[in-house]
Amino acid sequence: MIDLAQLRREPEFVKAALARRGVADETMDAILEVDGEHRRLLQEAEALRAEVKDLSRRVAEARRAKADAEADSLARLSREVGERERAAREACDAVGADLRERLLMVPNLPAPEVPDGPDESANVEVRRWWVGMDEGADFPTFASHQRVAHWDVARELGILDLEAGARLAGSMFPLYRGAGARLLRALSTFALDRHREAYEEIRPPSVALTDTMMSTGHLPKSADDMYEVPRDDLWLIPTAEVPLTSMRRGEILDESILPLRLTALTACFRREAGAAGRDTRGLLRVHEFDKVELFAYCTPDQAPAAHADILARAEGLLRELGLTYRVLELCAGDLGTSSARTVDLEVFSPGVDRWLEVSSVSWFRDFQARRANVRFRTPQGPQFVHTVNGSGLAWARIWAALVETYRQPDGTVRLPDVLGPYFGDLTIRPRTT
RNA sequence: GGAGGGAUGACAGAGCGGCCGAAUGUACCGGUCUUGAAAACCGGCGUGGGCUUGCCCACCGUGGGUUCAAAUCCCACUCCCUCCGCCA
């Protein structure tokens with residue numbers, strides 16, 4: 001949620017920033033108007049409330065002085081004022097609810113360094129990286145044996161059974177077999193080990209209450225993109241960002257523990273309602289995937305470094321795995337609702353010949369913390385923390401890029417050496433059983 | 001799932017329906033004392049909101065209710081603890 005006080009203080013600045021991501025000035029003007037009305041009603045209700053309290057105090061005094069007649073008359077008066085207070089309070093609450101609803105729909109202000117642009121076509125590619133990168137070249141060369149889509153590689157090797165997944169849970173719920181399943185497990189362990197010295201590993205619940213989803217901003221906006229368990233008021237988490245952001249909900253943290261850096265491996269569930277029918281082949285887009293998330297609560301001063309650290313870690317993993325990737329600075333129009341700045345990492349899939357998003361590293365400023373009410377103590381009083389997060393990494397698409405990139409002329413897959421300690425024999429041959 | 005107990009400020013822990021936003025202790029911050037530290041003593045010490053910046057309002061697990069007036073009474077829910085049952 002944006003800072004209402006800031007909107008009141010510098011409305012033109014806020015409107016200009018939001019205009020970059022397509023929010024109409026009128027939307028913000030309407031909010032200011034509702035806010036004004038709300039404050040007017042609040043003053044009215046509070047004045048009446050103060051009167052009731054004062055009258056009640058005088059009733060008590062009169063009773064103590066045995067002036068029962070006066071007490072009764074004061075009580076009668078107080079009851080009348082109480083009636084008016086109740087009415088004013090109700091009007092105030094109704095306007096307040098309207099105000100909150102409007103505010104919840106407003107996205108975060110883009111950071112100044114975020115480039116202008118209406119949608120993903122205006123994202124700025126910052127750099128590319130691949131093994132044996134040449135000066136001058138802007139793309140690696142891939143052999144024909146690498147130009148086989150992962151679904152075909154997987155079929156040859158018997159390491160993925162999408163039909164079985166579809167049979168038991170519906171399409172786009174992948175089922176991995178043998179070395180395919182082991183590869184996923186190896187990737188997660190590999191990543192968590194790399195983060196271990198700086199990030200505390202968390203194993204959160206895979207579901208969260210409606211209330212929790214509200215506090216992270218996933219509800220009400222993204223209700224259609226999530227799986228719901230209505231009987232228990234629960235939702236399946238679309239990312240570990242949800243439990244990690246809510247872990248300290250409502251707390252005032254001691255500044256000495258910041259930045260508080262956390263990492264978590266979780267399954268992520270996404271209905272992909274808006275993308276139905278698109279990218280349905282193989283692992284390009286699935287309803288459930290494992291992801292290691294990196295996350296930090298920090299002070300505003302620490303935020304840029306924390307963001308850079310997560311980005312460096314995600315890139316580091318891609319480099320260790322020897323995958324081709326590019327870094328995109330998202331433009332204002334393509335930012336997620338809560339984000340002030342996002343850098344995407346896309347891995348190249350030589351078999352499908354496409355860039356696939358595998359990490360999104362975002363700085364939320366105090367947008368999420370305001371809603372989740374996570375603060376830290378400063379000499380000047382409590383202040384909202386900043387939150388940053390990013391994947392490190394999302395495995396389904398990495399899995400796809402790996403089996404394509406490392407496919408050998410003989411059809412086997414020879415995984416990179418860094419996975420040795422986690423995977424064992426690095427050559428995946430056709431399953432014989 | 002059944003029975004009982006509990007939920008108050010950073011923590012511990014009081015609180016007859018009426019100067020209770022809340023005693024007291026600890027912790028913390030400032031000061032006195034001291035070569036320094038400790039002890040002792042003095043002072044300060046919750047969060048949010050509104051406006052005429054000095055005041056007002058809200059908050060004692062959450063939501064309702066009773067009352068002129070609720071931390072205090074009533075109802076529902078949530079969480080925690082103990083015991084019983086069940087169980088990977």
Side-chain angles (χ1 to χ4, degrees), chain A residues 1-9 31-104 203-215 219 229-235 243 246-258 260 297 366-385:
Chain A
M1 188 159 61
I2 62 160
D3 182 6
L4 179 58
Q6 185 191 16
L7 175 62
R8 292 202 286 245
R9 210 181 322 116
I31 287 174
L32 283 167
E33 203 167 305
V34 175
D35 175 51
E37 175 70 358
H38 178 246
R39 282 190 289 170
R40 193 183 65 71
L41 290 167
L42 187 61
Q43 285 170 48
E44 190 181 321
E46 286 189 351
L48 289 167
R49 176 71 190 153
E51 202 177 328
V52 169
K53 288 180 70 168
D54 183 55
L55 286 166
S56 294
R57 209 171 294 129
R58 286 160 60 192
V59 171
E61 279 166 21
R63 290 252 184 269
R64 267 196 296 275
K66 303 284 186 225
D68 280 346
E70 191 192 347
D72 287 344
S73 119
L74 283 168
R76 210 173 308 119
L77 183 56
S78 177
R79 181 201 292 258
E80 274 168 36
V81 178
E83 293 296 324
R84 287 198 286 142
E85 183 219 331
R86 177 185 285 261
R89 177 66 62 184
E90 272 170 22
C92 180
D93 287 349
V95 175
D98 180 29
L99 177 63
R100 208 165 316 113
E101 225 165 89
R102 287 167 186 268
L103 274 174
L104 288 179
R203 181 64 212 225
S206 303
V207 293
L209 293 164
T210 295
D211 205 33
T212 304
M213 289 292 179
M214 285 287 195
S215 78
L219 286 175
V229 188
R231 179 169 166 165
D232 297 296
D233 191 31
L234 291 170
W235 302 73
S246 299
M247 237 175 98
R248 300 305 195 108
R249 176 141 61 107
E251 287 194 54
I252 301 176
L253 306 173
D254 197 300
E255 186 172 353
S256 65
I257 68 167
L258 300 177
L260 181 57
Y297 294 104
D366 59 3
F367 190 88
Q368 289 182 324
R370 180 169 290 106
R371 214 192 252 208
N373 195 25
V374 183
R375 293 171 291 175
F376 70 102
R377 247 174 238 297
T378 73
Q380 298 76 38
Q383 191 180 124
F384 289 113
V385 298

[N] to [M] separation - [atom1] atoms, rounded to the nearest Å:
N	M	atom1	result
rC45(B)	rG21(B)	C1'	14 Å
rU53(B)	rG49(B)	C1'	15 Å
rU66(B)	rA70(B)	C1'	10 Å
rA23(B)	rG15(B)	C1'	8 Å
rU78(B)	rG13(B)	P	26 Å
rA39(B)	rC84(B)	P	46 Å
rG65(B)	rC56(B)	P	27 Å
rG25(B)	rG46(B)	P	16 Å

[atom1] of [X] versus [atom2] of [N]: gap in Å, rounded?
X	N	atom1	atom2	answer
Asp254(A)	rC28(B)	CG	P	13 Å
Arg57(A)	rC19(B)	CZ	C1'	7 Å
Leu55(A)	rC57(B)	CG	P	12 Å

* Please work out which residues in residues 35-45 of chain A have a non-hydrogen atom less than 4.0 Å from an atom of RNA chain B and list them by number. => Arg39(A), Leu42(A), Gln43(A)
* Structure fact -> Ordered by number, residues from residues 79-103 of chain A within less than 4.0 Å of RNA chain B (heavy atoms) are Arg79(A)
Sort me out a list of protein N/O and nucleotides 74-79 of chain B N/O pairs below 3.5 Å, or just none if empty.
none

Could you list the donor-acceptor pairs under 3.5 angstrom formed by side chains in residues 36-54 of chain A, with sequence neighbours left out?
residue: Glu37(A); atom: OE1; partner: Arg40(A); partner atom: NE; Å: 3.4
residue: Glu37(A); atom: OE2; partner: Arg40(A); partner atom: NH2; Å: 3.3

Output all residues satisfying salt bridge (Lys or Arg N to Asp or Glu O under 4.0 Å) with [X], sequence neighbours left out; order by chain, then residue number.
X	result
Glu70(A)	none
Arg249(A)	Asp211(A)
Asp68(A)	Arg63(A)
Arg371(A)	none

* Structure fact -> The correct list of stems in which RNA chain B takes part (3 or more consecutive Watson-Crick or G-U pairs, distances under 3.5 Å) is B:1-7 with B:78-84, B:10-12 with B:24-26, B:28-32 with B:40-44, B:46-51 with B:54-59, B:61-65 with B:73-77
* Asked: Which is true for Arg375(A) with a 4.0 Å heavy-atom rule: it touches a base, it touches only sugar-phosphate, or it touches nothing?
  -> sugar-phosphate
* Asked: Residues in side-chain contact (heavy atoms from CB on, under 4.5 Å) with Glu33(A), at least two apart?
  -> none
* Which residues satisfy the side-chain contact (heavy atoms from CB on, under 4.5 Å) test with Ala69(A), sequence neighbours excluded? -> none
What pairs of donor and acceptor atoms, side-chain ones from residues 93-103 of chain A against any protein atom, are under 3.5 angstrom apart with sequence neighbours left out?
residue: Asp98(A); atom: OD1; partner: Arg102(A); partner atom: NE; Å: 3.2
residue: Asp98(A); atom: OD2; partner: Arg102(A); partner atom: NE; Å: 3.3

